[in-house]
Amino acid sequence: MREKIPATRKNATEAVFEDLRGAILSGQIPVGSRLPSEEKLAVSYGVSRPMIREAMRSLQTLGLTRSRTGSGSYVISATQRSELAYGEFSARDLVEARPFIEIPAAGWAALRRDEEKLAQLVQLCDLMESETDSQTWVRLDSDFHCLIAEASQNALFARVVQQSRKALMQQSELVNLMADRRIASNYEHRLIADAIAAGSEERARDAMQKHLSQVEDAMTWIVSSPANAKR
């Protein structure tokens with residue numbers, strides 16, 4: 001494992017995640033091993049504990065590690081599982097369900113949005129584009145998608161997206177660590193917000209569809225081609 005992450009590296013969390021993941025997949029850290037504590041890993045890599053925590057969550061999502069209460073995290077597999085899970089939802093659940101909820105929600109948001117919601121959407125885009133902390137960006141990302149559902153003024157859309165928020169954040173964490181999609185997502189989010197601001201249902205639906213399609217492609221790559229991301 002790397003001793004320190006260079007201070008100039010923008011995404012230290014990604015570096016920690018890839019280093020640990022590579023060590024597990026290569027057998028450097030064998031199955032059954034107990035990983036060092038968050039505190040020890042943070043000192044070893046020279047990063048904050050929240051960064052370590054984010055990397056550890058993604059390792060667990062991939063099925064490489066498991067956290068045991070009061071005991072720590074253990075390596076349980078040297079192979080990524082093909083079916084990823086975010087708590088009670090699977091990656092497939094999200095990929096299949098999101099287009100049926102978020103695409104029409106974006107369309108309705110374009111037709112029904114009020115000035116307050118529109119201002120909040122634009123502000124979220126601004127914040128995401130300037131944010132360098134990955135954890136904060138993931139939270140803003142979930143805020144953006146929840147706000148669009150709220151702006152649709154459809155209580156069912158809003159409730160479903162809100163209830164799946166934790167899973168959406170875990171998916172976003174993993175996609176950003178492995179597929180490096182934050183900049184592309186910022187661009188796609190801005191297109192969605194602009195379409196909603198213009199009151200164009202067609203453009204808003206199309207922009208959301210393209211965004212979700214890119215996320216699906218990233219998830220397909222993560223699941224089917226783990227070797228692509230090995231060091």
Side-chain angles (χ1 to χ4, degrees), residues 1-25 28-29 33-77 80-81 84-91 94 124 127-146 164-186 189 214-215 218-219 221-223 226 228-231:
M1 290 184 288
R2 185 182 290 116
E3 295 265 322
K4 293 284 183 181
I5 300 298
T8 56
R9 177 117 184 197
K10 289 186 178 180
N11 194 342
T13 306
E14 181 181 355
V16 172
F17 168 75
E18 285 298 336
D19 198 56
L20 289 171
R21 176 174 171 270
I24 293 171
L25 292 176
Q28 182 183 346
I29 304 178
S33 299
R34 181 181 182 275
L35 293 175
S37 66
E38 281 184 9
E39 183 177 4
K40 289 182 179 179
L41 285 172
V43 171
S44 175
Y45 282 103
V47 299
S48 66
R49 289 183 66 176
M51 289 181 176
I52 296 296
R53 195 170 302 126
E54 182 180 350
M56 296 294 282
R57 279 197 301 266
S58 291
L59 290 173
Q60 187 163 319
T61 298
L62 290 176
L64 299 176
T65 65
R66 177 177 298 161
S67 178
R68 300 176 185 172
T69 304
S71 180
S73 293
Y74 291 80
V75 177
I76 61 172
S77 176
Q80 292 177 189
R81 62 188 176 200
L84 305 184
Y86 314 111
E88 61 183 309
F89 302 112
S90 71
L94 290 184
L124 283 173
L127 290 172
M128 282 186 282
E129 289 169 358
S130 63
E131 185 56 60
T132 58
D133 179 74
S134 56
Q135 260 195 318
T136 302
W137 188 94
V138 164
R139 179 180 56 76
L140 293 170
D141 180 30
S142 69
D143 288 344
F144 180 83
H145 286 276
C146 285
S164 59
R165 180 176 181 139
K166 184 176 180 181
L168 293 175
M169 290 178 69
Q170 288 179 287
Q171 182 187 67
S172 182
E173 277 185 346
L174 187 60
V175 166
N176 283 310
L177 283 175
M178 294 190 68
D180 193 23
R181 272 198 40 81
R182 194 192 308 179
I183 294 176
S185 288
N186 285 339
H189 288 157
Q214 291 298 316
V215 173
M219 288 305 305
W221 175 80
I222 288 170
V223 171
N228 288 346
K230 288 185 182 179
R231 292 189 179 279

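Note that the structure is predicted; figures quoted are calculated from it, not measured.
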**OP:** Would you please name every residue forming a side-chain contact (heavy atoms from CB on, under 4.5 Å) with L127, sequence neighbours left out?
**Re:** Q123, L140

**OP:** Kindly give the heavy-atom pair with the smallest separation between L94 and A167, and that separation in Å.
**Re:** CD1-O, 3.8 Å

Subject >> Closest non-hydrogen atom pair between G87 and Q170, with its separation >> reply: N-OE1, 3.9 Å

Original post:
Taking only residues two or more places apart in sequence or in another chain, which ones pass side chain to side chain donor-acceptor pair (under 3.5 Å) with S142?
Top reply: R165

Subject >> Min side-chain heavy-atom separation S172-W137 under 4.5 Å >> reply: yes

Enumerate donor-acceptor pairs with a distance under 3.5 Å from any side-chain N or O in residues 48-64 to protein atoms, sequence neighbours excluded.
from, atom 1, to, atom 2, distance (Å)
S48, OG, M51, N, 3.4
R53, NE, E38, OE1, 3.3
R53, NE, E38, OE2, 3.1
R53, NH2, E38, OE1, 2.9
E54, OE1, S134, OG, 2.9
E54, OE2, S134, OG, 3.4
R57, NE, E173, OE1, 3.2
R57, NE, E173, OE2, 3.3
R57, NH2, E173, OE2, 2.4
Q60, OE1, S67, N, 3.3
T61, OG1, R57, O, 3.0

Original post:
Mind checking what makes side chain to side chain donor-acceptor pair (under 3.5 Å) contact with T136, not counting sequence neighbours?
Top reply: D133

Subject >> Results of side-chain contact (heavy atoms from CB on, under 4.5 Å) for K40 - residues two or more places apart only >> reply: P36, S37

**OP:** Measure the shortest side-chain to side-chain distance between V16 and L41 over non-hydrogen atoms and say whether it is less than 4.5 angstrom.
**Re:** no

Original post:
Could you state the interatomic distance from CG (L84) to CG (L174), rounded to the nearest 0.5 Å?
Top reply: 6.5 Å

Original post:
Sequence neighbours excluded, which residues qualify as ring-ring contact (aromatic ring centres under 6.0 Å, His included) partners of F144?
Top reply: H189

Original post:
Listed by chain and number, what are the side-chain contact (heavy atoms from CB on, under 4.5 Å) partners of A85, not counting sequence neighbours?
Top reply: R81

Original post:
Closest approach of V138 and M169, non-hydrogen atoms and distance?
Top reply: CG1-O, 3.5 Å

Original post:
Within a reach of under 6.0 Å around CZ of R66, are more than 12 heavy atoms found that belong to other residues, nucleotides or ligands?
Top reply: no

Subject >> Set of residues satisfying side chain to side chain donor-acceptor pair (under 3.5 Å) with respect to S130, sequence neighbours excluded >> reply: none

